K.L.:
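Here it is, the structure, as structure tokens.
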Amino acid sequence: ASSWLRMLTAYASSGHFEDAKRVFDSMPEKSLAAYTIMLDVYASSGEIDKAFYLFNSIEEKDTVSWNAMLTAFVQSGDFAKARALYDSMPEHSLVSCAGMLHAFASSGKVDEAKALFDKMPQQSIVSWTAMVAAYAQNGQIPKAKALFDKMPVWDAVAWNIMLDGYARVDNTNEAKKLFDEMKETNLVSGNTMLTAYARSGRVEECKILFDVMIKRNLVSWNAMLGAYAQNGLVDDSKLLFDGMPAWDMVSLNTLLSGYAENGPLTDAKDFFFRMIQKDVVSWNVMLWAFARNGLLDGALKVLLDEMPETNVVSWNSMLATLSQRGGLGNVVKLFQRMEMAGMEPNETTFLCIVLGCNYAGSVLVARDLVWSLRGDFGMKPS
RNA sequence: UAUUGCAGCCUUCCUUAC
């Protein structure tokens, strides 16, 4: 039985979800541990409903399986369900509390995270770090730093979160300073610093770091690729890409967005049509490329007729484009179409529409929209 | 009865005006 479990774990942790499902299905006896692994597998492959169904079919759940279900919800972005599950759990372990902290942090509820953090019976390095991350990821760097300084111990993850916090507010100098004095580092630290350089346009320093990094993974390569692509050095990005030991969809899309942002539309189109694989992000980049070139009808055609699948970003892109040069009437029309297509709006959706109101000078539409946020969509205007 | 059954960090697409 344990060799089955070992195989299942190996597939699950390496991202081979289909293989994991096959192994699980053919297991003669399914232990609780096997079920628990599968919760994560289903959640990671976007099948949260299946995960929950499986969870409900478990007769004797323990804390570990409850926690796994909790983090499955968090991972899929369903924070309301995560909260409900957390409230109905028979007991809260350190892992449960840290998972819920993470959920609050990811949904921008810093105050609720802090309240939970304060009333936790026991702390762990994970809960401390999750709280620091809650501050850092929501732009509250001074609070993050203050809590970070109070931590009893630091590991690489804790340092990395502070590093990433500085990087995200574009404080590259502070990030570099921290990077140099970090006591614990790992591969993610280097990758985070690469991204910090890329974001602030410091491409040369980025390349120097990339070259001296002892270990690199695909994220490192993609970060370097992005440094070139986002800073107008499309030829360099292509050259780097050609020498990459491996690539994935992120690599292709990074390159594509380099063409879309810096070159003529034909470059992006050429690359797009030659891509061996495409996903919804690739299509979103193309949609944006049409829009950027003022081809609103072309962009609309991509969205409504050509895309094999869309997500909320596709619609938001189009809404933002129409907001700026398509007229508020068309914005509203497209939003209605979005609802008809069953696509759930998010906060950015409303910002895109408010942007249109701004351009049109229409206070009334904007006001109605903000009201309907609460009433029709159950959202809290930020 | 768990060196790998669960928890925190990094890379691609949408908004952040003046």
Side-chain angles (χ1 to χ4, degrees), chain A residues 2 5-6 8-10 12-13 31-40 62-72 74 93-103 105 124-134 136-137 155-165 167 186-196 198 217-227 229-230 248-258 260 279-289 291 311-321 323 346-355 358-359:
Chain A
S2 82
L5 196 61
R6 207 168 297 138
L8 188 63
T9 311
S13 57
S31 62
L32 180 54
Y35 276 92
T36 307
I37 295 175
M38 288 312 290
L39 297 181
D40 183 51
D62 63 2
T63 309
V64 176
S65 40
W66 277 94
N67 289 340
M69 192 62 233
L70 176 68
T71 47
V74 177
S93 69
L94 284 176
V95 173
S96 334
C97 294
M100 199 56 226
L101 260 186
H102 187 211
S124 68
I125 187 161
V126 175
S127 60
W128 278 91
T129 316
M131 194 59 230
V132 172
Q137 289 160 3
D155 64 4
V157 174
W159 285 100
N160 290 343
I161 287 170
M162 278 314 298
L163 184 64
D164 186 59
N186 60 17
L187 180 54
V188 173
S189 323
N191 290 343
T192 306
M193 195 62 227
L194 287 177
T195 312
N217 63 6
L218 189 50
V219 173
S220 329
W221 283 90
N222 287 340
M224 192 62 233
L225 207 57
Q230 290 151 15
D248 64 1
M249 279 315 299
V250 174
S251 328
L252 292 180
N253 290 333
T254 301
L255 210 47
L256 177 66
S257 82
D279 64 9
V280 66
V281 174
S282 327
W283 283 95
N284 287 344
V285 173
M286 280 317 290
L287 169 62
W288 186 86
N311 63 15
V312 67
V313 173
S314 328
W315 292 84
N316 290 350
S317 276
M318 197 65 238
L319 286 169
T321 303
S323 282
N346 61 15
E347 193 169 323
T348 303
T349 311
F350 293 102
L351 285 165
C352 294
I353 302 173
V354 171
L355 182 68
N358 185 11
Y359 271 81

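We name chains A, B, ... by the order of the sequence lines, and we start the count at 1 in each one. Since the structure is predicted, the reported quantities are computational estimates derived from the model, not experimental observations.
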K.L.:
Between B:U12 atom P and A:Leu252 atom CG, what is the distance in whole Å?
P.N.:
15 Å
K.L.:
Test your reading of the model: is there a side-chain donor-acceptor pair from A:Ser124 to the backbone of A:Ser127, 3.5 Å cut-off?
P.N.:
yes
K.L.:
Taking the side chain from A:Ser31 and the backbone from A:Ala34, do they hold a donor-acceptor pair closer than 3.5 Å?
P.N.:
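Such a contact is found between A:Ser31 side chain and A:Ala34 backbone.
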K.L.:
Does any donor-acceptor pair link the side chain of A:Asp155 with the base of B:G8 at a separation under 3.5 Å?
P.N.:
yes
K.L.:
Among residues at least two apart in sequence or on other chains, which ones pass side-chain contact (heavy atoms from CB on, under 4.5 Å) with A:Thr349?
P.N.:
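Scan of A:Thr349 (side-chain contact (heavy atoms from CB on, under 4.5 Å), adjacent residues dropped) gives A:Val312, A:Asn316, A:Leu319, A:Phe335, A:Met338, A:Pro345, A:Asn346, A:Ile353.
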K.L.:
Taking the C1' atom in each of B:C6 and B:U1, what is the distance between them to the nearest angstrom?
P.N.:
15 Å
K.L.:
To the nearest Å, how far apart are A:Asp279 CG and B:U12 C1'?
P.N.:
8 Å
K.L.:
Looking for any heavy atom pair under 4.0 Å, which part of the strands does A:Ala33 touch: base, sugar-phosphate only, or nothing?
P.N.:
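Base contact.
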K.L.:
Closest approach to the side chain of A:Trp288, judged atom by atom: which nucleotide of B:G5, B:C9, B:C14 is it?
P.N.:
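The listed nucleotide nearest to A:Trp288's side chain is B:C14.
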K.L.:
Taking the side chain as every heavy atom from C-beta outward, state whether A:Leu101 and A:Val126 have any pair of such atoms under 4.5 Å apart.
P.N.:
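No; the side chains remain at least 4.5 Å from each other.
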K.L.:
Please determine, for the side chain of A:Leu32, which listed nucleotide (B:G5, B:G8, B:C10) has the closest atom?
P.N.:
B:G5
K.L.:
Can you check the A:Asn316 CG to B:U15 C1' distance for me, whole Å?
P.N.:
8 Å
K.L.:
Which of the following nucleotides, B:U12, B:C13, B:A7, is nearest to the side chain of A:Ser124?
P.N.:
B:A7
K.L.:
Please determine, by modelled atom types, if A:Asn222 and A:Asp248 share a side-chain donor-acceptor pair under 3.5 angstrom.
P.N.:
yes
K.L.:
How many Å lie between CE on A:Met193 and P on B:C10, as a whole number?
P.N.:
16 Å
K.L.:
Name the nucleic acid region contacted by A:Leu187, choosing base, sugar-phosphate or nothing; use a 4.0 angstrom heavy-atom cut-off, strictly under.
P.N.:
nothing
K.L.:
For B:U12 and B:G8, measure between their C1' atoms and round to the nearest Å.
P.N.:
23 Å
K.L.:
Provide the distance between the two P atoms, one in B:U3 and one in B:A7, to the nearest whole Å.
P.N.:
16 Å
K.L.:
Looking at B:C14, B:G8, B:G5, which one has an atom nearest to any side-chain atom of A:Ala320?
P.N.:
B:C14
K.L.:
Return the nearest nucleotide to the side chain of A:Val95; candidates are B:A7, B:C10, B:C14.
P.N.:
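Nearest to the side-chain atoms of A:Val95, counting from C-beta on, is B:A7.
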K.L.:
Starting from P on B:G8, measure out to CE on A:Met131 and report it in whole angstrom.
P.N.:
16 Å
K.L.:
Looking across every strand, which nucleic acid part, if any, lies under 4.0 Å from A:Asn217 by heavy atom: base, sugar-phosphate, or nothing?
P.N.:
nothing
K.L.:
Could you please name the option among B:U4, B:U15, B:C9 that lies closest to any side-chain atom of A:Thr9?
P.N.:
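Among B:U4, B:U15, B:C9, the one nearest the side chain of A:Thr9 is B:U4.
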K.L.:
So if I take every side-chain heavy atom of A:Ile37 and compare against B:C10, B:G5, B:U11, which nucleotide ends up nearest?
P.N.:
B:G5
K.L.:
Is it the case that the base of B:G8 and the side chain of A:Asn160 share a donor-acceptor contact (distance under 3.5 Å, atom types as modelled)?
P.N.:
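When only heavy-atom distances are counted, A:Asn160 does not reach the base of B:G8 through any donor-acceptor pair under 3.5 Å.
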K.L.:
Output the rounded distance in Å from CG (A:Leu355) to P (B:C18).
P.N.:
11 Å
K.L.:
So, A:Ser314 and A:Ser317: side-chain donor and acceptor under 3.5 Å apart, yes or no?
P.N.:
no
K.L.:
Rounded to the Å, how far apart are A:Leu163 CG and B:C9 P?
P.N.:
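Computing the A:Leu163:CG to B:C9:P distance gives 14 Å.
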K.L.:
With respect to the side chain of A:Ser13, which nucleotide from B:U11, B:C14, B:U4 is positioned closest?
P.N.:
B:U4
K.L.:
Round to the nearest Å and state the distance from A:Ile353 atom CD1 to B:C14 atom P.
P.N.:
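Those two atoms, CD1 and P, are 18 Å apart.
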K.L.:
Base, sugar-phosphate, or nothing: which does A:Thr71 touch, judged by heavy atoms less than 4.0 Å apart?
P.N.:
sugar-phosphate
